[in-house]
A.B. asks: 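Just passing along the structure, written as structure tokens.
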Amino acid sequence: NSSRKEGPAKALLHKATSSQIKNNAFEVKINRKKFDVLGRKSKHDVGLPGVSRSKAINKRKDTLLKEFRLKNKANKFVDRRFGEYDTKMAPEDKILQRFALERQRTQAKKDIYNLNEEEELTHYGQSLAEIEKLTDMVDSDSDSDEKGLLSAELTASNFGGGGGLLRKKRPGENDEDESQKHKSRQELIEELILKSKQEKRERQSQKEEAQELTEKLDQEWKSIQNLLVHKTPKAERMEEPEKPKLDDYDVMVRELGFEMKAQPSEKLKTPEELAKEERERLQKLEADRLKRMLGDVEENATQKQSHLSADDLNDGFILDNDDRKTLSYKDGKWNSDGGEEEGQEGEEGTGGEEEEDDEDGEDDGSGVDDEDDEEEEDEGEGGHSDLDSDQASGAEDEEEEENDEGEEEAAKAKPALSEEERKAMQEAAKAELPYTFAAPESFSDLKALLDGHSAEKQRLIVERIQKCNHPSLAAGNKAKLEKLFGFLLEYVGELAMRTPPELATVNIFIPQVYALCQLFPAAAHKVMQSLLGDSAHSMEESIEVKGRAAFPGLDMMIYLKIVALLFPTSDFRHPVTTPAFVYISQALTKCPVTSLESLSAGLVLCSLAVEFVSLSQRFVPELINFLLGLLHMAVPADTLVPPFKQQGKASKLLLLSDAEASNSWSRKAIPLTSVHRVTASTDLEKDHYRLSVLHTCLDLVKRCTLLYRQLPSYVQIFQPVRTLLAKHLPVQSYPSSLQELHREILEAIPETPSKHAPLVFEKKKPIPLKLLEPKIVLDYGKKRGNTKEERERERLKHKYKKEFKGALRELRKDTRFLAQAKLSDIMSRDAERKRKVKELYGSLATQEGEWKALRMKKRK
């Protein structure tokens, strides 16, 4: 009954028209207008959201949902029959075309192996029909190079190579066949071997005859070749057409053809390879020296005469005596007496020459260096290579016997080393420097190695220590050479403090110190910083205890000079040069000048300061103040600047005791040894020394004026110096060179200082307060396009934005629809799974109930 009642209701719902839906207030949405526009007809005054939503869902089910269901699926049936999708063709035409295509396909398969008999088949351009006739004749002697091979005819007749019934018989073969029938197999094989040997001998004899005839023809051709040269007379030559001259391009091409080609150069070796080779060379030289020192010399070793090749260019450029014989070819024999007269071919002459050569070798070997010994050994090992190979290959017996006799006589004539010569050689080897040295572990070890040797030998020892202990040769060599740098600096300081100072030896050690600094810059920084720090600390302690400190010694001044050589002095801040610069400034400020030695030390420090700032042009007030104080010491008035004292003997150190001393003074450089002790003893020598100090001081002042010329305060800095030089310094009693320096300095410094305005605060305009007035904008509102193009552009932009928003809206709806479809699929799968699980549980419960009932029955 219920189904009967639902049927008319559903039919009634399906017959509901759009007018009934529109009359339902819940299905209608009224779009209210903001304002009415006259003449505009509105299309969307009333909307039906439910209807439009259902239409969109149905549309998505027909399109989007089907695409989603068929995603990643390719199980389609495509009909590939001819003309199936062509609506213009009639069915009869389609059938005919399909039948024709099917016949063509089957015919093509059958024709694969259907050879056309009318066509002629070829192989490498020859017809297969002619090749199958086998008309080629076999020639056993066609190839003369096949030595010892059997001919085709013999093979065919005796080994079954076509020699059966199918082979055509030649005329005259019947008798042979009949005779061979009576021979056994062993006889046939022997006869075959004899024939093959006979053919081989014949071929060999023919080849020898052809070679003899060729050589004879070559000799006859050489004899008549000169007769064939025919020169035409000049008259006939003039008639011949002249050859065209070559262009510049052709000449250049021919010249380029004869130019030297670039030769490949040797591979550049790395520093590690070079260090390894150098160490191996020194070890070899040391081993040779030890052998000579122990007297271990091979007495039977004879100097082998090294011969020159016939094509030797003799471009060795060895200027020493070279008694080697030149290799030449004479009368069909090797002539090893090149350079000698033709008459000296007897055995006595050769023996005398060998004795003289041996004596020369003995004299030269006693005082030759180890490197030359190595070269001689190398030459001795490979000197006779060319001659020995030639003699072994093609020399005559008589010449070999003569050479053997000459060698025996040379060995007898070579005397053994006497005991005196051996001892002299041992003493010479002991006196030589060893070639390998172990790195010193302490300063005392280095001092023990270097003491007792000349400056050049000391440099050689340090150089060999570096080469034998290069960092690339072993793991611990780096630490050893880093220690060596500190030991070398300490040794240099000790050399400087000796009496007299060994400055020449110090100068020789500077390249070695520089090389170690380049290898290990970090270790060099630490060593120099420790030296400067210790000296500065001792100076501060002396100032705290005594109130004054002495100028640094010559060792510290050499260290400061080494700093200027090893490290950059123009850097704004450097871990070594900055402390050294501070140390110099502190010494110029805190150390008083009390003697001529302190004057020399102060000038050395001033020279170092000028060298330090020569590139950076950094202003050093201590330098200018010290030079000004030195000039004050040459003025009779008591006007000095600190650290110079205004009273006492030290205040007049540079005053001349005799004005006539300037007449006999000549310019001399102040030696560095004057830092320790000034050698001037008489008043005249002291005056000469004072003039030299004044000359150096004025020269430093001149260099400072050139150095600081670009400073804004240049005039103010050097104004006191100008005042002192112009008004107080007694220049008239000085030599002409000092007066010239005095005049140049005064010209470099302006007389009147430049006037600068006093420093005041910069005047600025007062900042007014912010005005709280309203901001009036006359042009407001949205600007519309004035022209037709602008209005059209704005309309298209508005339309684009509208369509873009609509597309986004549709994409969101599509995404939402797909999400709902996926969720419904998941829900349906889960419901189906739950239903099946429920059925399983139900069936299992039924089985268990039946089993229990059966078990109860059995118990009863």
Side-chain angles (χ1 to χ4, degrees), residues 120-230 309-311 327 329-335 385-401 403:
E120 184 179 1
L121 300 178
T122 59
H123 178 68
Y124 283 104
Q126 298 180 1
S127 175
L128 290 178
E130 294 179 359
I131 292 174
E132 289 176 355
K133 294 178 182 179
L134 301 175
T135 57
D136 293 341
M137 299 297 293
V138 179
D139 189 6
S140 63
D141 296 331
S142 60
D143 190 0
S144 62
D145 291 337
E146 297 177 356
K147 300 178 181 179
L149 300 180
L150 300 179
S151 61
E153 183 180 356
L154 294 174
T155 304
S157 60
N158 294 285
F159 296 100
L165 297 173
L166 298 176
R167 185 175 65 85
K168 295 181 180 180
K169 290 185 178 181
R170 297 178 184 178
E173 286 184 353
N174 296 328
D175 299 337
E176 292 179 1
D177 293 341
E178 292 176 359
S179 61
Q180 286 178 357
K181 290 180 182 178
H182 302 289
K183 294 181 181 180
S184 63
R185 181 174 181 79
Q186 185 68 24
E187 292 176 352
L188 290 174
I189 292 173
E190 291 178 357
E191 186 177 354
L192 180 65
I193 293 171
L194 288 174
K195 286 184 179 180
S196 64
K197 288 183 178 180
Q198 185 177 0
E199 290 177 359
K200 184 177 180 181
R201 283 196 297 270
E202 289 177 357
R203 285 197 300 270
Q204 185 69 21
S205 61
Q206 289 176 1
K207 187 175 181 180
E208 291 177 356
E209 289 176 1
Q211 188 174 359
E212 290 177 0
L213 290 174
T214 304
E215 292 178 356
K216 185 177 180 181
L217 183 62
D218 291 341
Q219 292 178 358
E220 291 177 355
W221 168 252
K222 290 180 181 178
S223 61
I224 65 173
Q225 188 175 6
N226 297 329
L227 301 176
L228 297 177
V229 178
H230 178 66
S309 173
D311 57 348
L327 189 64
Y329 193 81
K330 183 177 180 182
D331 297 335
K333 297 180 181 180
W334 289 112
N335 180 20
S385 59
D386 296 335
L387 182 59
D388 291 344
S389 61
D390 293 333
Q391 287 178 350
S393 60
E396 296 179 359
D397 297 338
E398 296 178 0
E399 188 176 359
E400 291 179 358
E401 293 176 0
N403 291 337

A.B. asks: According to side chain to side chain contact (heavy atoms under 4.5 Å, CB included), who are the partners of Glu209, at least two apart in sequence or on a separate chain?
C.D. replies: none
A.B. asks: Within a reach of under 6.0 Å around CD of Gln211, are more than 12 heavy atoms found that belong to other residues, nucleotides or ligands?
C.D. replies: no
A.B. asks: How long is the span from the NZ atom in Lys207 to the CZ atom in Arg203, to the nearest 0.5 Å?
C.D. replies: 10.5 Å
A.B. asks: Out of curiosity, Gln204 CD to Gln206 CD, how far, rounded to the nearest 0.5 Å?
C.D. replies: 10.5 Å
A.B. asks: Using side chain to side chain contact (heavy atoms under 4.5 Å, CB included) as the criterion, list what pairs up with Glu212, not counting sequence neighbours.
C.D. replies: none
A.B. asks: Using 0.5 Å steps for rounding, measure from the CG atom of Leu188 to the CD1 atom of Ile193.
C.D. replies: 11.5 Å
